[in-house]
Amino acid sequence: MSSDEEVHPEALNWTPAQAPRACTLAGTTVRLEPVNPEAHARALGAAARDSRDPTLWDYMSVGPFPDDNDFRSWLETTAASRDPLFFTVIDQATNHPEGMVSYLRITPTHGVIEIGSIWFGPTLQRTRQATEAIYLLARHVFEDLGYRRLEWKCDARNERSRRAAERFGFRFEGVFAQHMVIKGRNRDTAWFAMLDRDWPAISTDFTTWLRPENFDPAGRQLRSLAAIREASLPVTPPIHPTG
């Protein structure tokens, strides 16, 4: 071992990650496209104001949007942004925009990136397409761009987002109290992360869950992602007392 390695045992053979760019990420049931207000505004606006989910915007920093003009103005802002870098989630079967996701707090030097600003219209929620959208974002981060750490953050009161983070394989790291002021209210932020060394096992669980044979003709899952993950965990041998 060199003297430098002795002083700095945590030293890395590190090459900074690549910044994500506006590109299309295509899966089997869904694809993520750069936001295009001309092509996406009408369908996304309808999904954003779908009354079947009246709490959709409760924990978001923007919204709700009272009319098409308000939503279109915001969508044009997202289309011009590069951090956050927004994508429209489009159902492959119907070619219909159903929601949005983004990369944000993009730090290639340290290999850290976050996914957030996630909103899915009611028809996309709790579907194979929604899960595949998150899988596509994570796969691109780790396998194409070379990041070390993928983060997920949400309002600590947002139980739906917290459950989703853990279901997708993110590890809870704690709550940052009084982290932000959103819409004039205090926000404590729940912090989750996924690391590059975790990704191979998480990726296998995702792809197992996403297989067509895991769904019945109505599109209902036969095995949950949580059950698949639990089954894939290494078995710890029991500890037998001595003496």
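Only a predicted model underlies this, so the values are computations on that prediction, with no experimental measurement involved.
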Specify the closest pair of heavy atoms between Trp14 and Gly146, including all atoms of both residues, with the distance to one decimal.
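Heavy atoms of Trp14 and Gly146 come nearest at CH2-O, 3.7 Å.
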Correct closest heavy-atom pair for Ala48 and Trp57 would be O-NE1, 2.9 Å
Measuring only between side-chain heavy atoms, which start at C-beta, is [X] closer than 4.5 Å to [Y]?
X	Y	answer
Arg148	Phe142	no
Arg139	Trp199	yes
Arg105	Pro84	no

Would you say that more than 12 heavy atoms from the other residues, nucleotides or ligands in this model lie under 6.0 Å from the CZ of Arg52, or not?
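Yes, the 6.0 Å shell around CZ holds more than 12 heavy atoms from other groups.
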Trp209 and Phe206 aromatic centres sub-6.0 Å:
no
Side-chain heavy atoms nearer than 4.5 Å, only ILVMFWY residues, links allowed to pass through others: does that put Tyr59 and Met180 together?
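In one cluster: no.
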When clusters are formed by joining ILVMFWY residues with side-chain heavy atoms under 4.5 Å apart, either directly or through shared neighbours, do Leu104 and Met100 land in the same one?
no
Restricting to side chain to side chain donor-acceptor pair (under 3.5 Å), what partner residues turn up for Trp119, sequence neighbours left out?
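Checked Trp119 against side chain to side chain donor-acceptor pair (under 3.5 Å); zero matches.
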Enter the distance from Thr77:OG1 to Arg72:CZ here, rounded to the nearest 0.5 Å.
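With rounding to 0.5 Å, OG1 (Thr77) is 11.5 Å from CZ (Arg72).
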N/O donor-acceptor pair under 3.5 Å between [X] side chain and [Y] backbone:
X	Y	value
Asp91	Asn95	no
Lys183	Met60	yes
Asp188	Gln178	yes
Tyr103	Leu137	yes
Tyr147	Gln18	yes
Asn186	Val181	no
Ser102	Gly116	yes

